[in-house]
K.L.:
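Next up is a structure, given as structure tokens.
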Protein chains: 2
Amino acid sequence: MPASDPAPKISPHRTKGRPRSFDREAALEQALKVFWEKGFAPASIAELCTAMGINPPSLYAAFGNKAQLFLEAVGHYERVFWDETWDAMDGEPDVRRAITTFFAEATAILTKPEAPCGCIVVLGAINVPAEARDVADALKALRDEGRRLFLERLRRGVVDGQLPADTNVEAVANTLNTLLQGMSIEASDGASRAQLDQVADCATALLAKR
Amino acid sequence: MPASDPAPKISPHRTKGRPRSFDREAALEQALKVFWEKGFAPASIAELCTAMGINPPSLYAAFGNKAQLFLEAVGHYERVFWDETWDAMDGEPDVRRAITTFFAEATAILTKPEAPCGCIVVLGAINVPAEARDVADALKALRDEGRRLFLERLRRGVVDGQLPADTNVEAVANTLNTLLQGMSIEASDGASRAQLDQVADCATALLAKR
DNA sequence: ACATATATGTAGCGATCGCTACGGAAAGTC
DNA sequence: GACTTTCCGTAGCGATCGCTACATATATGT
């Protein structure tokens, strides 16, 4: 994600005071990397700071606290890695092709070798301490959004006459979302791309013509 | 510390020395409860000790350390909650009914209201600190065992002529295991039993006759 | 130049972590 | 009884946690 500002890549500041000496977005991406590999709780502020090339006070001044930094990193992750894939599912007119393409893309994302495996939305805030409940809740809401998107797309498939009118769209949407989440666990367990592709194929088979 | 055992439920000891003053298995079950609710890392020794009704030295003398206690608790969990269900899958002669029954049982287990939701094998050791890698690896091996069991059962279904010879048993086994793991996340997210039943139905639909 | 405002690095706060040293208590053995 | 062995509760170890007080550095506004 090159911001591609010829002029200062460091965000311009309009107010008084010493300007920030680091690239906020670059630091955020480094933080994402750490959170992605380790999860919310095991990623320590010290390690985040090292990766971001800053010290704790700068981190807290720029991002609030660990939880806010995490949530902002997750938002960045979603935008960079998933928004396009979800949008494509809505853009593809044929519902079966839409789902097939989505899961093919998902397996590619989840097994990207240059990235930690698994989706940070699914795995990042599991087993967080009780005082970080709000972080877990925020990610849960994001996971639920996936089910909603599947559901809407399937409903449109029924309206468009591409799926049988008696299709249990809620059940299928539930199942697709459940599969997607299970795929993150498999990916973090080191599943191969071929292995996840098999799962993706079975996912699309749920919509097979009868 | 009232032992209050008429007959010693406490394991008999043959050697010299002061006998253990608590019920090891009861303590293990309490530990399981804590680990199940919180996961490995967020469950502190202090909290475990409170739940088990003992002090740290007793815990370490009886169970080794936190990781060993966790793994022993997980073993107990598997035996109590899942062994019977897996065995039933092998015992049922019809492969479709075997899978259907398995997933029906699984939804029941995963949404048991008196138990923490989700499977500790799937969720318990996600996001553990790096120094507990061995715990994560042990649970990963247990998860893989599920895929193996599905695979064996499906292969038998092909041999028995109940499934088409060209069934991609590896793919289906992969998918069933992935679904099962996703169901744990959904359960811990508070999914209703009805919701998971829908997923279970879709799982069995993967084996629908063609 | 001076005041104001924000960011920075150092250094360390209080709290919690997993774990254990220690001395006393409760059993078997003689 | 004394000796040995094991377990008990207390109390606290060193390490790490998220986070911040503080003094200093660097910008703008006038």
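Chain letters run A, B, ... following the sequence lines, proteins first and then strands; every chain starts at 1.
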K.L.:
Just to verify, what does B:F150 make a ring pair (Phe, Tyr, Trp, His ring centres under 6.0 Å) with, not counting sequence neighbours?
P.N.:
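B:F150 satisfies ring pair (Phe, Tyr, Trp, His ring centres under 6.0 Å) with B:W86, B:F102, B:F103 once adjacent residues are dropped.
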K.L.:
So, using salt bridge (Lys or Arg N to Asp or Glu O under 4.0 Å) as the criterion, who are the partners of A:E84 when residues are at least two apart?
P.N.:
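With neighbours one apart ignored, the set is empty.
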K.L.:
Under 3.5 Å, which donor-acceptor pairs link side chains of residues 58-74 of chain A to any protein atom two or more places apart or in another chain?
P.N.:
{"residue": "A:N65", "atom": "OD1", "partner": "A:A67", "partner atom": "N", "Å": "3.2"}
{"residue": "A:N65", "atom": "OD1", "partner": "A:Q68", "partner atom": "N", "Å": "2.9"}
{"residue": "A:K66", "atom": "NZ", "partner": "A:F40", "partner atom": "O", "Å": "3.0"}
{"residue": "A:K66", "atom": "NZ", "partner": "A:A41", "partner atom": "O", "Å": "3.2"}
{"residue": "A:K66", "atom": "NZ", "partner": "A:A43", "partner atom": "O", "Å": "2.8"}
{"residue": "A:E72", "atom": "OE1", "partner": "A:R24", "partner atom": "NH2", "Å": "3.3"}
{"residue": "A:E72", "atom": "OE2", "partner": "A:R24", "partner atom": "NH1", "Å": "2.5"}
{"residue": "A:E72", "atom": "OE2", "partner": "A:R24", "partner atom": "NH2", "Å": "3.2"}

K.L.:
D:dC7 phosphate, OP1 or OP2: any side-chain N/O from B:S58 under 4.0 angstrom?
P.N.:
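For D:dC7, neither OP1 nor OP2 has a side-chain N or O of B:S58 closer than 4.0 Å.
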K.L.:
Which residues satisfy the salt bridge (Lys or Arg N to Asp or Glu O under 4.0 Å) test with B:D144, sequence neighbours excluded?
P.N.:
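Here the qualifying residues are B:R147.
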K.L.:
Can you say whether a donor on the side chain of B:R18 sits under 3.5 Å from an acceptor on the base of C:dA25, or the other way round?
P.N.:
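Donor-acceptor pair under 3.5 Å: yes.
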K.L.:
Starting at atom CG of A:N55, determine the distance to atom P of C:dT10, rounded to an integer number of angstrom.
P.N.:
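Taking CG of A:N55 and P of C:dT10, I get 6 Å after rounding.
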K.L.:
Could you pull out every donor-acceptor pair under 3.5 Å between side chains of residues 117-133 of chain B and any protein atom, sequence neighbours left out?
P.N.:
{"residue": "B:N127", "atom": "ND2", "partner": "A:L123", "partner atom": "O", "Å": "2.7"}
{"residue": "B:N127", "atom": "ND2", "partner": "A:G124", "partner atom": "O", "Å": "3.1"}
{"residue": "B:N127", "atom": "ND2", "partner": "A:I126", "partner atom": "O", "Å": "3.1"}

K.L.:
Sequence neighbours left out, what passes side-chain hydrogen bond (donor to acceptor under 3.5 Å, both in side chains) with A:T107? Give chain and number order.
P.N.:
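For A:T107 the side-chain hydrogen bond (donor to acceptor under 3.5 Å, both in side chains) partners, ignoring immediate neighbours, are A:D197.
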K.L.:
Any side-chain N or O of B:S21 less than 4.0 Å from the OP1 or OP2 oxygen of D:dC7?
P.N.:
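Looking at the OP1 and OP2 atoms of D:dC7, neither is under 4.0 Å from any side-chain N or O of B:S21.
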K.L.:
Does the pair A:E145/A:R148 count as a salt bridge with the N-to-O cut at 4.0 Å?
P.N.:
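Looking at A:E145 and A:R148, the cut-off is met.
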K.L.:
For each nucleotide in nucleotides 11-22 of chain C, reading 5' to 3', give B when a protein heavy atom comes within less than 4.0 Å of its base, S when such contact involves only the sugar-phosphate, and - otherwise.
P.N.:
------SSBBB-
K.L.:
Expressed as a whole number of angstroms, how long is the span from A:R20:CZ to C:dT8:P?
P.N.:
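Value for this atom pair: 7 Å.
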K.L.:
How long is the line joining CD1 of B:I54 and P of C:dA25, in whole Å?
P.N.:
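Distance check: B:I54 CD1 to C:dA25 P gives 21 Å.
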K.L.:
Just to verify, what does B:Q30 make a side-chain hydrogen bond (donor to acceptor under 3.5 Å, both in side chains) with, not counting sequence neighbours?
P.N.:
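Listed in chain order: nothing, the list is empty.
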K.L.:
What residues in residues 128-135 of chain A put a non-hydrogen atom under 4.0 Å from any atom of DNA chain D?
P.N.:
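Residues of residues 128-135 of chain A under 4.0 Å from DNA chain D: none.
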K.L.:
Within this structure, what is the CZ-to-C1' distance between A:F22 and C:dA7, rounded to whole angstrom?
P.N.:
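Taking CZ of A:F22 and C1' of C:dA7, I get 9 Å after rounding.
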